[in-house]
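A note on names: the letters A, B, ... follow the listed sequences, proteins ahead of strands, and every chain is numbered from 1. Excluded from the calculations below are hydrogen atoms, water molecules and symmetry mates; all remaining heavy atoms, backbone and side chain alike, are included. Not measured: the values here are computed from a predicted model.
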Protein chains: 2
Amino acid sequence: MGTTQLEPVPEPKYWHLRTVLSEALDSEFSVGEILPNERDLAARFGVARATLRQALEQLELEGRLQRRRGVGTTVAPPRVGVAVGTAQHTWPGAADDAWEPTDCELAAPPAAVAGALGTARDEPVHTVRRSRVTHGQPVAAELLYVPPSSVPDLTAIDTPSGTARARAVLRELQRGELERRDSAVELGSVGAEDAKELDRLPGAPVLVVTTRYLARGRTAALSVATYRADTCRLTFGDSGDVEIHHGPQSRAS
Amino acid sequence: MGTTQLEPVPEPKYWHLRTVLSEALDSEFSVGEILPNERDLAARFGVARATLRQALEQLELEGRLQRRRGVGTTVAPPRVGVAVGTAQHTWPGAADDAWEPTDCELAAPPAAVAGALGTARDEPVHTVRRSRVTHGQPVAAELLYVPPSSVPDLTAIDTPSGTARARAVLRELQRGELERRDSAVELGSVGAEDAKELDRLPGAPVLVVTTRYLARGRTAALSVATYRADTCRLTFGDSGDVEIHHGPQSRAS
DNA sequence: TAGTGGTCTAGACCACTTT
DNA sequence: AAGTGGTCTAGACCACTAC
């Protein structure tokens with residue numbers, strides 16, 4: 001990364017800088033390596049620190065960099081492929097489940113969730129909180145809404161709220177013979193609570209996966225899962241992994 | 001009493017501002033309405049314009065706002081659900097296809113694509129460019145890589161490169177009886193060319209959908225599609241639509 | 001031409017981690 | 001204490017759109 005000057009180009013400085021840095025990452029850095037600090041980098045390229053940061057933000061968004069306050073900026077490993085597949089029997093609570101239930105409570109869900117579940121607006125539902133860990137790193141946080149009618153045989157309140165009750169709800173839900181599910185993915189930003197769990201700052205980009213589980217034609221449960229967008233690649237296929245794409249697309253010349 | 005840390009840190013201004021604006025959008029604005037300009041808004045809230053812009057960026061990322069240079073900031077409509085489903089027979093070129101082929105050329109693909117296709121590094125493949133339009137607005141741009149071996153009966157170069165050839169490649173590809181496909185979704189930023197096509201500025205966030213089409217156990221084609229992250233919600237289910245989620249998640253209390 | 005959002009600067013201070 | 005990235009400021013100018 002010996003380049004010291006940016007030749008004048010019609011494109012924005014931060015975008016050109018992004019490209020230059022991206023190429024430097026490919027050729028001169030390896031995964032985990034620490035970059036020079038922002039003040040030095042900005043000086044080296046002759047731009048203000050804010051401009052340099054704009055370029056770094058792009059690269060972080062693309063999963064190329066990882067920035068940690070008080071530590072520094074490192075070259076990120078390739079994104080982890082996390083299966084959100086449709087065909088496998090990965091119903092909530094299944095044996096090969098990658099999710100770890102952490103909590104459960106009975107509470108009225110947000111209005112939008114109640115609408116999708118078909119429950120009354122203030123009818124309480126089981127709200128199971130789960131977290132997903134891959135390679136020792138938290139990658140997703142989920143809220144799973146289960147109407148009591150979907151788990152009719154759930155033993156009463158003798159099980160305390162908390163992890164134990166979460167497992168009980170999942171166990172009963174799985175007895176209900178779920179038939180199908182459909183999901184949607186969209187971009188979001190992480191809220192304060194999830195941010196802590198995912199070890200990110202508030203506002204960090206996340207992929208929000210909303211999944212509706214169907215049983216006997218009814219919506220048996222609804223899940224809203226937020227995945228770290230910087231480290232995750234969501235795979236939907238029946239089979240293996242696709243690992244393509246690196247940075248912004250460019251037209252084949 | 002000693003120092004307590006019940007309020008350890010004040011929320012960042014831009015984050016608080018985001019929340020305030022978000023609530024204002026819910027209660028005081030309707031879709032399409034124009035917000036006051038950034039300088040006025042910043043003055044009204046007593047912050048620098050850059051801070052105000054940080055809040056607006058968050059809201060735009062969440063699909064709540066739409067900003068257009070020279071025009072203003074407007075309240076965005078709910079995101080469009082675009083089907084990227086796995087079960088339907090939406091192979092490239094199918095009748096109900098939402099894609100419009102725009103161009104085609106024979107060129108060596110990027111190294112990563114060649115690797116996934118199993119072609120030699122500099123072996124040229126058919127590169128079909130398509131665009132997807134919904135409600136009159138462009139939502140996605142795609143590059144579809146088709147090795148010549150997947151379309152053996154394609155008539156020679158008598159068809160000119162361009163739209164006509166693109167259609168020819170798709171037609172032949174569909175004769176190959178595609179069996180399966182698997183996809184991956186990740187966050188990316190739009191490159192200069194796609195930015196123009198999607199009517200966004202370079203660096204705007206996109207959802208990159210990489211799809212591998214399989215036929216007779218081989219990878220018959222590979223598609224890299226970039227969807228506007230601000231306006232799109234990708235639906236993967238077999239059936240209907242799920243419309244949940246609004247803004248960052250908050251723990252159910 | 002006037003008004004909008006987009007880019008850029010040169011600072012300052014804060015929160016956090018490591019030494 | 002030193003060093004890092006995160007936040008914030010108060011300006012300036014540019015690119016684009018509409019009138």
note = Rounded to whole Å, CG of Leu56(A) lies from P of dC8(C) at a distance of 14 Å

task = Would you mind reading off the distance between Lys196(A) atom NZ and dC16(C) atom P, rounded to a whole angstrom?
result = 10 Å

Any Thr51(B) side-chain nitrogen or oxygen under 4.0 Å from OP1 or OP2 of dT7(D) = no

remark   = Checking dA10(D), dG6(D), dA15(D) against the side chain of Ala48(B) (C-beta onward), the nearest is dA10(D)

ask   = What's the CG-C1' distance between Leu201(B) and dA15(D), to the nearest Å?
value = 10 Å

task = Tell whether Arg49(B) reaches the base of dG6(C) with its side chain through a donor-acceptor pair below 3.5 angstrom.
result = yes

key: Nearest listed nucleotide, side chain of Arg67(A), among dC16(D), dG6(D), dT7(D)   = dG6(D)

Pairing of Glu62(B) and Arg79(B) as salt bridge, 4.0 angstrom limit = no

query = Rounding to a whole Å, what distance do you find between Trp15(B):CH2 and dC14(C):P?
reply = 23 Å

ask   = Taking atom P of dT7(C) as reference, at what distance in whole Å does atom CD of Gln58(A) sit?
value = 9 Å

query = When you measure from the side chain of Lys13(B), which nucleotide among dG5(C), dT9(D), dT7(C) comes out closest?
reply = dT9(D)

message = Quick check: any donor-acceptor pair below 3.5 Å linking the side-chain of Arg39(A) to the base of dG3(D)?
response = no

query = Hey, is the side chain of Tyr14(B) poking within less than 4.0 Å of OP1 or OP2 on dT7(D), counting only N and O atoms?
reply = yes

N or O in side chain of Thr73(A) less than 4.0 angstrom from dG5(D) OP1/OP2 = yes

query = Should the pair Arg64(A)-Asp26(A) be classified as a salt bridge under the 4.0 Å nitrogen-to-oxygen rule?
reply = yes

message = I'd like to know if Glu38(A) and Arg53(A) make a salt bridge, using a cut-off of under 4.0 Å between side-chain N and carboxylate O.
response = yes

query = Nearest nucleotide by nearest heavy atom, which residue falls closer to the 5' end of DNA chain C, Pro202(B) or Asn37(B)?
reply = Asn37(B)

ask   = Within this structure, what is the CG-to-C1' distance between Leu52(B) and dA10(D), rounded to whole angstrom?
value = 14 Å

inquiry  = Tell me whether Asn37(A) at atom CG has more than 12 heavy atoms from other residues, nucleotides or ligands lying less than 6.0 Å away.
reply    = yes

request  = Check the distance between dG6(D)'s C1' and Leu41(A)'s CG and give it to me in whole angstrom.
outcome  = 16 Å

key: Distance test, side-chain N/O of Arg53(A) to OP1/OP2 of dG6(D), below 4.0 Å   = yes

inquiry  = Working to the nearest 0.5 angstrom, can you tell me the gap between Asp103(B) CG and Thr163(B) OG1?
reply    = 6.5 Å

note = Separation of dG5(D) atom P from Leu65(A) atom CG, nearest Å, is 11 Å

message = I want to confirm an ordering. Mapping Ala50(B) and Asp40(B) to their closest nucleotides on DNA chain C, which one lands closer to the 5' end?
response = Asp40(B)

